[in-house]
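For clarity, every value in this text was computed on a predicted model and none was experimentally measured. Residue numbering restarts at 1 for every chain, and letters A, B, ... go by the order of the sequence lines.
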Protein chains: 2
Amino acid sequence: MPDAFRLSAFLPYRLAVLSERVSRRLAAEYERSHGLSVAEWRVLVHLSRCGAVSVRDIHICVNLEKPRVSRAVARLEANGLVQKIPGTSDGRLVAISLTEAGTAALAEIVPAALAVEARLRGAVSREDLATFCRVMERMHAVLDDDPQAKPRSRMDLEGLDS
Amino acid sequence: MPDAFRLSAFLPYRLAVLSERVSRRLAAEYERSHGLSVAEWRVLVHLSRCGAVSVRDIHICVNLEKPRVSRAVARLEANGLVQKIPGTSDGRLVAISLTEAGTAALAEIVPAALAVEARLRGAVSREDLATFCRVMERMHAVLDDDPQAKPRSRMDLEGLDS
DNA sequence: CCTGGATCGTTTCAATTGAAATGATATGGA
DNA sequence: TCCATATCATTTCAATTGAAACGATCCAGG
């Protein structure tokens with residue numbers, strides 16, 4: 001065995017550690033102030049952009065399993081942040097959208113979330129950050145070509161910006 | 001609300017998505033061939049470098065909660081990949097180390113794991129990869145200065161290499 | 001000694017998770 | 001029209017998770 005295998009130098013491990021640490025730090029913002037879970041946070045953000053959408057649409061766009069979306073939406077609805085309107089044309093679909101309270105809650109959280117991100121972005125130069133994003137994109141591309149990897153979510157393919 | 005909030009452009013989200021995708025792809029290697037979980041994989045790798053260590057040492061070094069380490073070790077022991085020797089000097093400590101079978105299993109998995117990593121690394125230039133790692137390190141540094149973030153594991157502070 | 005507090009590993013318990021099953025609705029072809 | 005198949009959202013169920021509780025062991029100060 002190549003016994004010089006150092007976990008702390010192994011790319012997948014490093015990614016996982018950083019990602020989890022960032023996620024936890026971010027979650028501290030919306031969990032403490034509004035009692036939201038990661039899934040609920042993602043649903044709210046998605047709804048703020050995409051208006052009234054189905055469970056399936058959320059599932060596909062924000063990398064959450066269908067049951068997880070369903071439960072997140074149920075809790076959000078119970079807390080009045082979201083409303084579910086039975087589909088009109090298609091009886092199976094449910095149109096999920098933000099309520100006033102949901103929009104208000106999101107407006108309270110977003111600045112804090114952007115602040116966390118801004119601190120991360122601010123720690124490196126614009127060029128380095130661009131390189132960082134480009135490398136992430138290339139790694140995704142590697143997995144896109146790998147039949148053993150899970151396909152990428154539709155929405156994660158669109159944006160490559162500063 | 002800044003309604004131009006795009007989840008797919010939000011750094012924590014992008015990190016989470018890439019990290020999970022990479023993790024799953026890697027897990028496919030050791031899960032299918034040896035039925036290992038992420039925790040078990042990390043424990044094995046750590047043991048291959050650090051010889052006989054305690055549960056607490058693993059917990060601190062590889063970013064796994066104590067109960068998770070305890071259970072991973074228990075399963076690994078049940079499968080004969082690991083042995084637990086009660087501490088001699090300190091009766092509380094347990095010396096956990098690889099068995100022959102454990103070493104053999106790891107030797108089978110490591111090449112595949114390194115191959116996955118090599119494909120990711122190979123998709124970008126050496127300079128870009130160096131920048132990528134440097135940016136990850138800077139983001140860690142931001143969290144190191146943030147009292148609301150979980151402290152970094154000891155072992156993740158050591159290596160910054162190519 | 002021996003006793004109070006700290007540390008170690010495990011276990012308990014409640015909550016979360018996702019794969020698979022379910023029920024409900026839609027759609028295309030006979 | 002009617003049935004087979006597909007799709008949507010939810011629910012079931014078994015497994016995993018981590019915080020807290022637990023028993024066991026160590027150690028420092030009296």
Side-chain angles (χ1 to χ4, degrees), chain A residues 16-17 20-21 23-24 27-28 30-32 35-43 46-47 52-79 82-97 150-151 153-154, chain B residues 16-17 20-21 23-24 27-28 30-32 35-43 46-47 52-79 82-97 150-151 153-154:
Chain A
V17 170
E20 197 207 321
R21 203 164 174 229
S23 259
R24 279 187 188 280
Y30 49 71
E31 183 179 299
R32 206 163 25 77
L36 298 180
S37 70
V38 177
E40 289 156 7
W41 155 253
R42 285 195 193 173
V43 168
H46 181 68
L47 291 181
V53 296
S54 66
V55 167
R56 175 163 210 293
D57 179 89
I58 301 174
H59 156 61
I60 289 177
C61 289
V62 304
N63 273 289
L64 292 172
E65 298 304 315
K66 234 183 333 174
R68 222 170 146 201
V69 173
S70 185
R71 289 187 263 242
V73 168
R75 255 174 313 184
L76 288 170
E77 186 189 28
N79 290 25
V82 140
Q83 65 194 104
K84 292 201 295 191
I85 301 179
T88 57
S89 62
D90 188 331
R92 298 168 299 177
L93 291 167
V94 188
I96 302 158
S97 57
K150 198 177 83 174
S153 295
R154 179 209 311 158
Chain B
V17 169
E20 197 206 321
R21 202 161 175 229
S23 260
R24 277 187 189 281
Y30 49 70
E31 182 179 299
R32 206 162 23 78
L36 298 179
S37 70
V38 178
E40 289 157 6
W41 155 253
R42 286 196 192 171
V43 167
H46 181 68
L47 291 181
V53 295
S54 65
V55 167
R56 173 166 173 57
D57 179 90
I58 302 174
H59 156 60
I60 290 177
C61 290
V62 303
N63 273 290
L64 292 172
E65 298 303 318
K66 235 185 332 175
R68 220 169 147 201
V69 173
S70 186
R71 290 187 261 241
V73 168
R75 255 174 313 185
L76 288 170
E77 186 189 28
N79 290 28
V82 141
Q83 65 193 106
K84 291 201 296 189
I85 302 178
T88 56
S89 60
D90 188 330
R92 297 168 302 176
L93 290 168
V94 188
I96 301 158
S97 57
K150 199 178 83 174
S153 294
R154 181 210 307 156

Rounded to the Å, how far apart are [X] [atom1] and [N] [atom2]?
X       : N      : atom1 : atom2 : value
A:Leu64 : C:dT16 : CG    : P     : 15 Å
B:Ile96 : C:dG9  : CD1   : P     : 7 Å
A:Leu93 : D:dA6  : CG    : C1'   : 13 Å
B:Asp57 : C:dG9  : CG    : C1'   : 14 Å
A:Ile85 : D:dA9  : CD1   : P     : 14 Å
A:Lys84 : D:dC8  : NZ    : P     : 16 Å
B:Glu77 : C:dT10 : CD    : C1'   : 13 Å
A:Ile60 : D:dT7  : CD1   : P     : 11 Å

Legend entry - 4.5 Å side-chain heavy-atom contact, A:Ser54 and A:Val94: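 No, too far: nothing below the 4.5 Å cut-off.
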Legend entry - Side chain proximity check, B:Arg75 to B:Val73, heavy atoms < 4.5 angstrom: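 Side chain of B:Arg75 against side chain of B:Val73, heavy atoms only: no contact under 4.5 Å found.
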Legend entry - Approximate separation, where rounding is to 0.5 Å, of A:Leu76 CG and A:Arg71 CZ: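 Output value for this atom pair is 14.0 Å.
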Legend entry - Most 5' of A:Arg92 and B:Arg92 on DNA chain C, judged by nearest nucleotide: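 In this pair, the answer is B:Arg92.
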Inset, instruction - Just call it for A:Ser54: base, sugar-phosphate, or nothing, with non-hydrogen atoms closer than 4.0 Å on any strand. - result: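 Sugar-phosphate contact only - A:Ser54 comes under 4.0 Å of backbone atoms but never of a base.
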Nearest heavy atoms of [X] and [Y], plus distance in Å:
X       : Y       : answer
B:His59 : B:Leu64 : ND1-O, 2.6 Å
B:Glu40 : B:Gly35 : OE1-O, 3.8 Å
B:Ala72 : B:Ala39 : CB-CB, 4.0 Å

Inset, instruction - Give me the residues of residues 65-76 of chain A where at least one heavy atom lies under 4.0 Å from an atom of DNA chain C, by number, or none. - result: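 Here the set is A:Glu65, A:Pro67, A:Arg68, A:Arg71, A:Arg75.
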